[in-house]
Every structure is written in C-alpha cells, then in structure tokens.
Amino acid sequence: MASTSTSSISLQTNAQKPCFPSKSAPRISHTNLSFPCSLPLSTKFVCVKSSSTAKYYNEVVVDEEMDRIRRLQNGSDVRGVALEGEKGRTVDLTPPAVEAVAESFGEWVIKGLEKERGHPVENVGVSLGRDPRISGASLSVAVFSGLARAGCLAFDMGLATTPACFMSTILPPFAYDASIMMTASHLPYTRNGLKFFTKKGGLSSPDVEDICDKAARKYANRLTKVSILLNIPLSRVDFMSTYAKHLRDIIKERVNHPLHYETPLQGFQIIVNAGNGSGGFFTWDVLDKLGADTFGSLHLKPDGMFPNHIPNPEDKTAMAVTRAAVLENSADLGIVFDTDVDRSGVVDNKGNPINGDKLIALISAIVLREHPGTTIVTDARTSMALTRFIANRGGQHCLYRVGYRNVIDKGVQLNKEGIETHLMMETSGHGALKENHFLDDGAYMVVKIIIEMVRMKLAGSDEGFGNIIKDLEEPAESLELRINVVSEPRYAKEKAIEAIETFREYVEEGRLEGWELDSCGDCWVSEGCLVDSNDTSAAAVDAHMYRAKVSDEEHGQHGWVHIRQSIHNPNIAVNMQSSVPGCCQTMTRVLLDKFIIANGMDKSLDISQIEKYAKSGIVG
C-alpha cells in the first residue's frame with residue numbers, strides 16, 4: 001500500500017510579480033486558495049494542500065492507472081467524469097489527474113517557447129477559465145498546482161468562455177503565452193474537461209496525446225512519491241470585460257450606423273438563451289450596451305447543474321423554448337449558446353430554428369458576399385443540398401472529416417496551400433473564420449449574423465435574415481444512430497476501428513449493392529480529402545470514419561451513410577440522409593442484415609437501437 005503524505009504549496013512575500021506586455025495593467029486581484037475548495041478573494045498569498053494519489057487509491061496497478069489517464073484524451077481535448085452520479089461510469093478526472101495534465105501542458109508550452117526563441121524563457125503566463133460546472137472549483141486548484149510545478153505563472157479568469165480563453169493569448173494587455181478552458185461543453189454536469197490554447201490556436205490531437213502520455217507517467221510516479229514545496233503566484237484577472245468590448249467594437253465599426261454609432265442595435269429585440277452556461281455575458285455586456293432590448297432572455301444565470309435543459313444549440317428543447325420566446329416577444333433574433341460558447345444556433349424573426357446545415361448555409365451566404373468564390377470546409381455529414389446552395393453562390397464546398405478540429409485544420413492547411421478558405425464549419429455549430437484567427441467562437445458567429453441583420457434593416461428590408469436561406473432544400477430524411485461497443489473500455493477503441501475498417505472493405509468489394517465509398521472524386525482541393533487518403537492530410541487520424549453514397553435503380557443516387565468511431569464514448573455513430581422518404585430505414589436494414597449480422601458483429605456490438613429502427617422506423 002502506498003503511503004499517504006501531505007505537503008504545503010505556499011506563496012512567499014518575495015515571490016516574483018507577474019508582468020504584462022503592456023504598460024496599462026489589466027484589472028487584477030489576488031486569490032487565496034485551499035485545495036480542493038472554492039476560490040474566495042482575500043489576500044496575496046496562496047496556500048494549496050496537495051496530497052499524493054494514495055489518498056484517492058489504496059491499491060492500484062500502475063499500468064491500469066496510466067491507461068486511465070491516457071484515456072482522458074478526447075481528440076484535441078481532455079474529458080472525463082469528475083463527479084459521482086453517472087450510471088456505469090466511475091470518476092476518472094480527479095484532482096491528481098488534472099494536476100498531472102496541467103503540469104505536462106505547462107512543460108509543453110515552455111519547451112515550445114524555448115525551441116521557438118532559441119533560449120530559456122521566464123515568466124511564462126497561462127490563463128485558466130471555466131464554465132459553471134460544480135466540479136470546476138476543486139479542479140481549478142489542481143490546474144494551478146500543476147502549472148506551478150511546471151514553472152508557469154497562473155492567471156485565474158474565473159467564469160469564462162472557450163473563445164475568450166484563446167483571445168486572452170491575443171488581446172493586450174493580457175496576451176498570455178497559453179490558456180486552458182475547463183469545460184465539458186454540452187455533456188452532463190458530472191463531466192468536465194480541459195481545452196488547450198497557445199497564440200497559434202487550439203492544440204492538435206497528437207499534441208494532447210503527447211501531453212496525456214507524459215501526464216500518465218507523472219501520475220504513476222506520484223503513486224509512491226510525495227509532493228514538494230512550491231511557490232504559486234496566482235492572480236485573478238477580469239478578461240471577459242475586454243473580450244466583450246472587443247465584440248462590441250466589431251459590431252459598431254462594421255455596422256457604422258449613420259444615426260447612432262454607439263448603439264447600433266437600438267430598436268432590435270434579441271433573445272439570448274445561455275442554458276445556464278457561460279454565455280450570459282453576451283446579453284448584458286454586449287447586446288445591452290449596444291442598445292438592444294433583451295427582455296425575455298432565458299437561463300442567463302450560471303448554474304453548473306444545468307437545471308432547465310442541455311446547453312446545446314442542437315438540443316430540441318433548447319431551440320423550442322427559444323423559438324417560443326422569440327414568437328411571444330416578437331423578437332428579431334433568438335440566440336442559443338452551448339455551455340462554453342464555442343458553438344451557437346439562432347432563431348429568426350418568424351420563429352424558424354437555424355442550426356446544422358441551415359446555420360452553415362446562412363454564414364456561407366454572408367461570407368461569400370464578402371469573399372466571392374471562397375472555399376468553405378464542412379464535415380462530411382452535411383447534405384447534398386448544402387453543396388448546391390454554396391455552388392449556386394459561386395463558392396466551393398470541401399467535405400472533410402467529422403470533428404471540429406479536423407475541419408478547422410483543413411481550412412488552415414488550404415490557406416497555406418494558396419486556396420482561399422474563409423469559413424470552416426461543422427454541423428454541430430462549431431464554426432471558425434479566417435478573419436477571426438481560425439477560432440471556433442459561437443459569439444463571433446452571432447456577431448456576423450447581427451451585423452447582417454442590421455445592414456438589411458438599414459437597406460430597407462423587413463424580411464429578416466432567415467430569408468437569406470429560403471432556397472436551401474432540406475433532405476426528406478436525416479438520421480443518427482449509435483451502436484455501442486461491448487468491451488472493456490481499454491479495448492473499445494480497437495474494436496470500433498476494426499468494425500469501421502471492415503465496413504470500408506465491404507463497400508469497396510461491392511458487397512453492399514449500390515453503396516460506393518465517397519472520396520470526393522475530382523475535388524478541386526485534393527483528391528480523397530474526405531477520407532484522408534491524400535498525402536498531405538490536415539491532421540492525424542483521431543477517429544476512423546467513412547462515408548458511402550447510396551444509389552438504387554429507381555431513384556439513382558438518393559443519399560449517403562456516414563459511419564465513424566466516437567471519440568467521446570465507446571460507440572460507433574451512424575449518420576444517414578436521403579432525398580427519398582423511407583430510404584433511411586431501407587439503408588439501415590442493409591447495414592444491419594448485410595453487414596453487421598452477416599459479418600457476425602452482432603456478438604461484439606450492441607445493435608438494439610439500429611435493430612429497432614430497421615424494424616419499426618422509430619429511433620429508440
């Protein structure tokens with residue numbers, strides 16, 4: 001049994017003060033922390049109690065514990081279960097685990113800066129923001145402890161958004177070297193996670209894999225070692241006010257209202273549904289100050305239990321209550337943010353929900369007017385109708401791998417190769433613009449829509465921004481199903497990959513009649529980019545996935561099936577669309593009978609949901 005010991009991390013009076021890249025210092029207050037409690041404001045000293053992981057585990061197998069830390073990687077993020085209460089899941093995102101990950105990230109940042117500058121670096125600043133999850137306070141202390149171990153200066157942004165964390169590395173007088181956002185996006189209150197940024201943007205999956213691997217080794221070593229005494233200079237900073245002013249200035253400058261420049265939203269009513277996440281600031285610190293009427297806004301108070309609905313622009317309840325509020329108040333616009341505001345959806349003045357393909361079409365139309373002929377990158381779950389919509393406006397549509405980081409990285413790559421690409425957007429609502437540092441920012445996307453809405457009004461149009469996408473066709477059917485992998489967690493990924501690669505072989509060998517692997521054909525970007533078969537793929541393969549286009553004699557090509565390994569959970573996601581009613585059920589039957597059962601995979605996969613839909617046409 002590993003011994004348990006406790007050591008103190010304290011700040012001495014002669015600790016080095018953090019320095020900023022500008023003479024005008026941001027608003028700072030110092031924080032007194034006790035591990036793992038909340039973060040009250042009091043003195044200039046920090047005292048953090050940090051114990052060895054023997055306190056959390058009595059008898060462990062080191063290899064299993066290392067694997068547990070490595071499995072916290074979730075593509076380009078870290079995610080895990082932070083609280084008890086989720087059936088079938090144990091807590092794995094513990095304070096010791098978070099401390100090890102934060103330390104490894106801090107070391108990664110320092111090493112990168114030293115390599116870039118060619119000499120040792122000092123005063124490396126890293127900011128931390130978090131959403132309102134109730135596990136955030138204790139895990140924040142673990143982050144600060146890990147950063148201190150790495151030799152970084154820590155800056156506490158408190159309640160923040162994911163885009164704001166990145167912008168804290170850009171906007172003066174802050175301009176930190178790196179930032180961490182603590183969030184699990186739209187996942188349940190029991191979950192939490194970490195997103196990582198440098199001035200160059202979000203980290204890639206291989207970067208996070210490397211950080212988690214180093215963290216696993218640190219974590220294992222500490223099973224039998226004691227924490228050491230560290231000095232932690234920690235400052236609380238108010239960055240959100242600077243970020244909100246940044247958004248306000250963009251709206252004022254681009255609208256350039258002829259009558260009231262400072263309040264260009266005067267006369268507009270805008271409903272915000274923050275879902276009890278971090279997005280309430282957009283109401284009182286952006287819209288209200290620009291003259292908008294925000295009466296009727298919903299769930300603005302941060303609440304880490306998310307008592308009203310999932311904070312997610314894809315959530316039907318979130319969109320429904322926002323639609324009702326827009327119609328009840330005769331508002332011009334409704335906005336739905338996810339928890340950490342890197343995604344958004346909107347409702348127009350007629351109560352029409354705009355998310356998924358519709359949101360991509362709306363932003364595409366705006367961007368194509370500003371940048372005619374530009375390429376637009378989306379994930380491979382978008383409809384054939386969206387491709388036609390973009391082409392009809394003179395744009396080029398590049399279908400790419402599912403995963404917002406994959407989509408954004410593809411856009412970055414295309415621009416480097418001389419292919420002008422101004423918009424990268426996933427159907428989930430993650431959207432990034434070249435003009436905004438390739439950052440997926442739900443608030444910035446809404447800013448683009450607001451500017452367009454005001455411009456239309458100034459030009460004498462009363463139709464509303466929803467009119468922009470009136471000619472976007474909708475598929476007759478659209479469906480998502482999940483197939484759970486029956487396996488121990490450590491083997492689930494391997495089994496999912498095996499099933500998906502077998503699917504590729506079946507399609508290529510013609511075993512599924514009328515199904516053909518979709519690889520972009522003579523794409524103007526690079527042949528095969530959809531399945532990453534080109535030599536210069538934008539990113540490492542973080543999840544295996546393929547899309548097959550489906551045809552039959554009666555209808556010709558009428559739909560597609562996309563199958564991918566989930567990076568969030570031990571399952572396989574199946575998306576499909578068809579322009580012919582009833583064909584999604586037909587495609588599901590083919591997938592079930594001629595692939596899954598014919599290949600004996602029903603033994604290793606939980607096919608209950610797909611089986612129910614194949615028989616009844618009802619998603620269970």
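Without hydrogens or angle criteria, Thr322 side chain to Ala318 main chain gives a donor-acceptor distance under 3.5 Å. Side-chain N or O atoms of Thr190 include none that pairs as donor or acceptor with a backbone N or O of Leu83 at under 3.5 Å. The backbone N or O of Phe268 sits nowhere less than 3.5 Å from a side-chain atom of Asp293 that would complete a donor-acceptor pair. Looking at Ser383, its side chain does come within 3.5 Å of a backbone N or O of Leu386 through a donor-acceptor pair. Ser140 contributes a side-chain N or O that, together with a main-chain N or O of Gly136, makes up a donor-acceptor pair within less than 3.5 Å.
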Could you walk me through whether Ser185 and Asp338 pass the side chain to side chain donor-acceptor pair (under 3.5 Å) test, one step at a time? CA-CA 7 Å; Ser185 188; Asp338 78 334; 3.2 Å; yes
Does the side chain to side chain donor-acceptor pair (under 3.5 Å) test come out yes or no for Gln413 and Lys410, once each step is laid out? CA-CA 5 Å; Gln413 179 200 37; Lys410 186 64 178 179; 3.0 Å; yes
Residues Leu194, Val143; criterion side chain to side chain contact (heavy atoms under 4.5 Å, CB included); working and verdict: CA-CA 10 Å; Leu194 303 171; Val143 170; 4.2 Å; yes
Assess whether side chain to side chain contact (heavy atoms under 4.5 Å, CB included) is satisfied between Ser168 and Met157, documenting all intermediate values. CA-CA 9 Å; Ser168 75; Met157 292 170 56; 4.0 Å; yes
May I have the step-by-step check of salt bridge (charged side-chain N to carboxylate O under 4.0 Å, His left out) for Glu116 and Lys200, ending in yes or no? CA-CA 12 Å; Glu116 182 181 307; Lys200 297 177 182 178; 3.7 Å; yes
Could you go through the side chain to side chain donor-acceptor pair (under 3.5 Å) check for Gln266 and Thr263 one step at a time? CA-CA 6 Å; Gln266 190 175 316; Thr263 55; 3.2 Å; yes
List the steps and the verdict of side chain to side chain donor-acceptor pair (under 3.5 Å) for Ser135 and Asn192. CA-CA 7 Å; Ser135 60; Asn192 217 327; 2.8 Å; yes
Full working for salt bridge (charged side-chain N to carboxylate O under 4.0 Å, His left out) between Glu452 and Arg254: CA-CA 10 Å; Glu452 184 67 21; Arg254 296 185 188 175; over 6 Å; no
Applying side chain to side chain contact (heavy atoms under 4.5 Å, CB included), run through Val347 and Asn352 and close with a yes or a no. CA-CA 5 Å; Val347 176; Asn352 297 312; 5.9 Å; no
Given side chain to side chain contact (heavy atoms under 4.5 Å, CB included), test Ile451 with Met456 step by step and report yes or no. CA-CA 9 Å; Ile451 292 168; Met456 290 175 68; over 6 Å; no
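Considering Pro163, Cys165, Ser127 in turn, Cys165 is the only one that fulfils the side-chain contact (heavy atoms from CB on, under 4.5 Å) rule with Met181. Here the rule is side-chain contact (heavy atoms from CB on, under 4.5 Å) with Asp342, and of Thr183, Thr162, Asp441 only Thr162 fits it. A ring pair (Phe, Tyr, Trp, His ring centres under 6.0 Å) with Phe337 is found for exactly one of Phe282, Tyr444, Phe281, namely Phe282. With Leu147 as the fixed residue, the side-chain contact (heavy atoms from CB on, under 4.5 Å) test singles out one of Leu128, Val124, Val109, Val126: Val126. Of the candidates Arg401, Arg381, Arg405, Arg381 is the only one forming a salt bridge (Lys or Arg N to Asp or Glu O under 4.0 Å) with Glu426. A side-chain contact (heavy atoms from CB on, under 4.5 Å) with Leu362 holds for exactly one of Leu472, Asn355, Asp348, Ile354; it is Ile354.
For the atom pair CD1 of Ile271 and CG of Leu333, the computed distance is 9.0 Å after rounding to the nearest 0.5 Å. Taken to the nearest 0.5 Å, the CD1 atom of Ile110 stands 10.5 Å off from the CD atom of Glu122. In this structure, OH in Tyr404 is found 10.0 Å from CG in Asp409, a value given to the nearest 0.5 Å. Separating the CZ atom in Arg79 from the CG atom in Asn74 is a distance of 5.0 Å, to the nearest 0.5 Å. Between atom CD1 of residue Ile408 and atom CE of residue Met425 there is a gap of 10.5 Å, rounded to the nearest 0.5 Å.
For Arg343 and His186, the side-chain atoms include at least one donor-acceptor pair closer than 3.5 Å. For the 3.5 Å distance criterion, the side chains of Thr339 and Asp131 fail to qualify, holding no donor opposite an acceptor. Side-chain atoms of Asp379 and Asn406 form no donor-acceptor pair, as typed in the model, at a separation below 3.5 Å. Of the N and O atoms on the side chains of Asn273 and His299, not one donor lies less than 3.5 Å from an acceptor on the other residue.
Across Pro302 and Leu159, no two heavy atoms sit closer than the pair CG-CD2, 3.5 Å. Between Ser76 and Phe196, the shortest heavy-atom distance links the atoms O-CD1, 4.4 Å. Contact record, Glu314 with Thr427: OE2-O, 3.9 Å, taken as the closest heavy-atom pair. Nearest heavy atoms, Asp340 versus Thr161: O-CB, 3.3 Å. The minimum heavy-atom distance between Leu359 and Ser344, with the atom names listed, is CD2-O, 3.1 Å. Scanning all heavy atoms of the two residues, the minimum distance from Val78 to Leu93 falls at CG1-CD1, 4.1 Å.
Partners of Thr283 under the side-chain hydrogen bond (donor to acceptor under 3.5 Å, both in side chains) rule, at least two apart in sequence or in another chain, do not exist in this structure.
Heavy-atom neighbours of Lys316 NZ from other residues, nucleotides or ligands within 6.0 Å: at or below the threshold of 12. More than 12 heavy-atom neighbours from other residues, nucleotides or ligands sit within 6.0 angstrom of OH on Tyr261.
In this structure, Arg191 forms no cation-pi arrangement with Tyr189, as its terminal cationic atom is not both closer than 6.0 Å to the ring centre and no more than 45° off the ring axis.
Between Ile468 and Arg369 the shortest side-chain heavy-atom distance falls below 4.5 Å. At least one side-chain heavy atom of Asn329 sits under 4.5 Å from a side-chain heavy atom of Phe295. Between His422 and Glu435 the shortest side-chain heavy-atom distance does not fall below 4.5 Å. Residues Leu423 and Lys434 are not in side-chain contact: their nearest non-hydrogen atoms beyond the backbone lie 4.5 Å or more apart.
The pair Lys245-Asp285 does not meet the salt-bridge criterion, since no charged nitrogen lies less than 4.0 angstrom from a carboxylate oxygen.
Under the 6.0 Å cut-off for aromatic ring centres, Phe239 and Phe155 do not qualify, their centroids lying 6.0 Å or more apart.
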